[in-house]
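Heads up: the structure comes next, in structure tokens.
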Amino acid sequence: MASGLTGEEIARYRENGYVKPVRVFSTDNAARVRSEIEALERDHEDGAGGHTLGQFFRVNGQVTIPLLARIARTVSVLDAVESILGPDLLVWSCELFIKEAGSDKIISWHQDLTYWGMGETDEEVTAWIAFSDVSERAGCMRFVPGSHRQRIQPHKDSFDGDNLLSRGQEVAVDVDEENAVLDDLKPGEMSLHHGRLFHASGPNRSSDRRIGLAIRYVTPKVEQTIASRDYAMLVRGADHSRNWINIAPPSTLFAPASLALYDRILADQAAALTAGAEQSVGLYAQQQGVSV
Ligand SMILES: O=C(O)CCC(=O)C(=O)O
């Protein structure tokens with residue numbers, strides 16, 4: 001497994017706002033992770049603590065699901081992320097983006113940092129790991145190279161039911177789609193993308209599910225500027241800034257303390273993640289307006 005990025009890969013990330021493919025799991029290990037994900041779907045579909053499994057999969061899965069917290073601490077993944085962000089790393093969120101075979105689900109063009117309350121930071125990166133064959137046909141991501149050099153652009157919310165994003169957010173300026181590149185990945189490969197990079201993905205026209213895990217890494221210097229507090233899991237190095245409430249990885253699935261923490265995090269993050277929304281934002285719906 002690659003141990004950190006090469007100088008050339010780091011230069012490409014800085015120039016283009018993404019780097020791919022980075023192999024972080026062998027094909028066999030990726031298949032094992034996929035079966036663990038699918039075992040959770042088979043055995044725990046109803047979730048726990050008033051949330052479905054789908055809710056945990058889509059936001060902050062690392063808080064209650066040991067498997068996701070474990071993937072986020074995988075050495076090969078951390079080595080690559082460290083090449084970009086440096087030695088002190090925290091995980092803010094883990095999100096599984098699954099598109100069933102033949103599904104019309106899409107992701108509209110957006111910049112991740114738009115609604116996260118972290119400002120324009122260069123100290124956040126998403127590691128997106130494929131656990132199935134993520135081809136163009138399967139609806140892989142597309143990136144606009146160099147678009148991360150722009151500031152955060154205005155976005156509008158569509159709340160479109162086929163959009164996997166929490167509020168169907170879409171960048172409200174022209175996107176240079178002609179120059180977009182495919183983020184096609186084989187199982188066990190990863191891409192890293194910058195929080196201001198324009199990206200999107202299309203429907204899954206393949207005969208297999210498309211499974212990807214997005215892990216949002218930040219450095220201790222990043223600050224939550226909209227919500228009154230925010231949470232992250234220290235996974236490498238040290239956090240001397242204490243901008244984040246440090247949380248520990250869960251040791252068992254859906255432990256009562258983890259479920260309570262999950263609700264607190266969602267309630268606090270709702271202030272940033274639902275700011276300005278004209279409709280209820282499904283993933284945060286129970287928490288909007290709640291202060292815990
Ligand atoms: O999985 C996808 O197609 C898009 C995910 C995404 O937008 C992200 O990880 O930032």
Side-chain angles (χ1 to χ4, degrees), residues 13 16-22 24 30 34 37 54 57-62 68 71-72 77 80-81 84 91-118 121-122 124-145 147-148 152-153 155 157-158 160 162-171 175 177 180-187 189-206 208-218 269 272-273 281 283:
Y13 175 86
N16 296 323
Y18 68 91
V19 61
K20 65 145 305 235
V22 182
V24 286
R34 174 175 177 160
I37 292 169
F57 271 8
R58 269 298 283 112
V59 67
N60 292 328
Q62 79 286 0
L68 301 186
I71 299 170
V77 177
V81 175
I84 303 291
V91 169
W92 178 65
S93 185
C94 285
E95 303 168 37
L96 268 165
F97 286 98
I98 299 177
K99 294 180 190 167
E100 299 301 335
S103 143
D104 289 330
K105 297 286 181 199
I106 56 107
I107 300 268
S108 47
W109 287 103
H110 68 286
Q111 293 169 295
D112 290 335
L113 286 169
T114 308
Y115 298 106
W116 291 354
M118 300 177 194
T121 185
D122 292 312
E124 182 277 334
V125 78
T126 290
W128 199 102
I129 308 172
F131 291 108
S132 65
D133 188 359
V134 180
S135 60
E136 178 175 19
R137 194 170 165 69
C140 69
M141 284 193 284
R142 281 171 295 148
F143 296 145
V144 178
S147 51
H148 66 302
I152 295 177
Q153 299 296 311
H155 283 61
D157 300 336
S158 71
D160 172 3
D162 275 335
N163 195 326
L164 285 175
L165 294 178
S166 59
R167 48 206 274 179
Q169 53 265 44
E170 183 164 12
V171 73
V175 175
E177 284 203 50
V181 296
L182 297 176
D183 183 30
D184 48 336
L185 298 169
K186 295 288 179 205
E189 289 181 343
M190 169 178 89
S191 61
L192 297 176
H193 72 260
H194 188 289
R196 295 195 309 275
L197 187 75
F198 284 25
H199 59 291
S201 69
N204 181 1
R205 298 291 175 234
S206 79
D208 190 16
R209 321 174 74 195
R210 192 214 76 159
I211 304 174
L213 178 66
I215 310 169
R216 322 294 186 183
Y217 292 94
V218 292
Q269 289 181 346
L273 278 284
V281 180
L283 290 174

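Both counts, for ligands and for their atoms, begin at 1 and track the order of listing.
- Under 4.0 angstrom from ligand 1, the non-hydrogen atoms of Arg210 all belong to its side chain.
- In the vicinity of Met141, heavy-atom distances shorter than 4.0 Å reach the ligand 1 atoms 2 (C), 3 (O), 4 (C), 5 (C), 6 (C).
- Where the criterion is an N or O separation shorter than 3.5 Å, residue side chain and backbone included, His199 meets it with respect to ligand 1.
- Residue Arg216 approaches ligand 1 through these ligand atoms, each under 4.0 Å from one of its heavy atoms: 8 (C), 9 (O), 10 (O).
- Classification of the His199-His193 ring pair by plane angle, with boundaries at 30° and 60°, yields tilted.
- Residue Ala214 approaches ligand 1 through these ligand atoms, each under 4.0 Å from one of its heavy atoms: 9 (O).
- Checking side-chain atoms of Lys105 against main-chain N and O of Asn204 turns up no donor-acceptor pair under 3.5 Å.
- In His193, the part holding a heavy atom less than 4.0 Å from any atom of ligand 1 is the side chain.
- Under a cut-off of 6.0 angstrom, the local environment of CD in Glu100 is crowded, with over 12 non-hydrogen atoms contributed by other residues, nucleotides or ligands.
- Near Asp112, meaning under 4.0 Å from one of its heavy atoms, ligand 1 places the atoms 10 (O).
- Using bins of under 30°, 30° to 60° and over 60° for the plane-to-plane angle, the ring pair Tyr18/Phe143 lands in the tilted bin.
- Ion pairing between Arg205 and Asp104 holds under the 4.0 Å rule for side-chain N and carboxylate O.
- Ser132 and Asp208 are not linked by any side-chain donor-acceptor pair at a separation below 3.5 angstrom, with hydrogens and angles left out of the test.
- Each of the following atoms of ligand 1 lies closer than 4.0 Å to a heavy atom of His110: 7 (O).
- Between Gln269 and Asn60, the side chains place a donor N or O and an acceptor N or O closer than 3.5 Å (distance only, hydrogens not considered).
- Under the 3.5 Å distance criterion, with hydrogens and angles disregarded, no donor-acceptor pair is assigned to the side chains of Ser135 and Asp184.
- Regarding atom 3 (O) of ligand 1, its nearest protein heavy-atom neighbour is Ser201 OG, 2.6 Å.
- Within ligand 1, the atoms closer than 4.0 Å to a non-hydrogen atom of Ile107 are 2 (C), 3 (O), 4 (C), 7 (O), numbered from 1 in the order shown.
- Atoms of ligand 1 lying under 4.0 Å from at least one heavy atom of Trp128, given by number and element, are 1 (O), 2 (C), 5 (C), 9 (O).
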